[in-house]
Enquirer: 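Structure provided below as structure tokens; questions to follow.
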Amino acid sequence: MSDEKPHAAGNVDAGDTSERVGMAVLRERGLEPEELREKLIDAIGAEFTTYYYYTNLRMHLAGHEDYKEITEDARLEDRAHFELVAPRVYELGGALPNDIREFADRASCPDAEVPTPMDDRGGFDTTSLDAESILEVLLEAERCAIRTWSEVCDMTHGKDPRTYDMASRILQEEIEHEAWFVELLSMERDGEINPAGHFVRGEPGDAPLSTNRRFNDSA
Ligand code: ZN
Ligand code: FE
């Protein structure tokens, strides 16, 4: 009877909760689940810190309400990227660091800080702050995200369809984010038109590709 059900049993003993078939099948396909999950923690560390830093960058775009709204789209989508992948870390036998400082430190992208020194009262020196320099920070953060999720796609392609699906959907949004900031920065800095095709998503953060929809619908 069991020959007729080839997947009824495998390398993990029946009832054993110390092992996961969802990890074993990756190993069988040549992907180390532990290595992948650590990479995912680094990657969503960057999504989470970017969500935080974009809050601050958006706050400093006074007078550029259109830029603010687009930054808000990117910010909420990055939060959704964090939310989308966090459960995957646990499925792969891992956990988010208990210490948020450790989590932020291991983020796979640099901190997207407001690009201006602090003044002598500990606030930002906003006299030297312009939209151009903020857009540059936003653009480079998106580029780091594209590199990160492309790497995750490479690692998982043909081996881990679940993570690949997440990473490829995130990658699509990151590529859109780059296009938005290329458009805005080239106009702001160089007076050059580089259309991105961005239209208001609906409510800020309503991504077309469902990473957000999944998050927002359940919220
Ligand atoms: Zn993102
Ligand atoms: Fe992004």
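In listed order, ligands and their atoms are each counted from 1. Every heavy atom of this structure was used, including side-chain atoms; hydrogens, water molecules and symmetry mates were not.
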Enquirer: Checking one value in my table: which N/O/S atom of E174 lies closest to the Zn ion (ligand 1)?
Expert: OE2

Enquirer: Is a side-chain donor or acceptor of T163 paired with a backbone partner of D160 at a separation under 3.5 angstrom?
Expert: no

Enquirer: Any side-chain to backbone donor/acceptor pair from T116 onto D125? Under 3.5 Å, distance only.
Expert: yes

Enquirer: Kindly check if the number of other-residue, nucleotide or ligand heavy atoms within 6.0 Å of CG (D190) is above 12?
Expert: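 Yes.
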
Enquirer: Under a 3.5 Å distance rule, please check whether Y90 uses its side chain to pair with a backbone N or O of L96 as donor and acceptor.
Expert: yes

Enquirer: In E142, which N, O or S atom comes closest to the Fe ion (ligand 2)?
Expert: OE1

Enquirer: Checking the side chain of T55 only, and the main-chain atoms of Y51 only, is there a donor and an acceptor separated by less than 3.5 Å?
Expert: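 Looks like yes, one N/O pair under 3.5 Å.
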
Enquirer: Yes or no on side-chain hydrogen bond (donor to acceptor under 3.5 Å, both in side chains) for Q172 and W149, after CA distance, side-chain angles and deciding distance?
Expert: CA-CA 9 Å; Q172 292 185 51; W149 293 109; over 6 Å; no

Enquirer: Taking the N/O/S atoms of H81 one by one, which is nearest to the Zn ion (ligand 1)?
Expert: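 Restricting H81 to its N, O and S atoms, the minimum distance to the Zn ion (ligand 1) goes to ND1.
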
Enquirer: Given E28 and N11, is the side-chain contact (heavy atoms from CB on, under 4.5 Å) satisfied, shown in steps?
Expert: CA-CA 10 Å; E28 286 162 16; N11 295 338; 3.0 Å; yes

Enquirer: For the Fe ion (ligand 2), which N, O or S atom of D78 is at the shortest distance?
Expert: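 Going through the N, O and S atoms of D78 one by one, OD1 ends up nearest to the Fe ion (ligand 2).
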
Enquirer: When you measure from the Zn ion (ligand 1) to each N, O or S atom of D78, which atom gives the shortest distance?
Expert: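 Closest N, O or S atom of D78 to the Zn ion (ligand 1): OD1.
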
Enquirer: Output yes if E142 passes the N/O/S-under-2.8 Å test against the Zn ion (ligand 1); output no otherwise.
Expert: no

Enquirer: For the Zn ion (ligand 1), decide whether E47 has an N, O or S atom at a distance under 2.8 Å.
Expert: yes

Enquirer: I'd like the atom name of the N/O/S atom in E174 lying closest to the Fe ion (ligand 2).
Expert: OE1

Enquirer: Can you name the N/O/S atom of H177 that is nearest the Fe ion (ligand 2)?
Expert: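 Checking each N, O and S atom of H177, the shortest distance to the Fe ion (ligand 2) belongs to ND1.
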
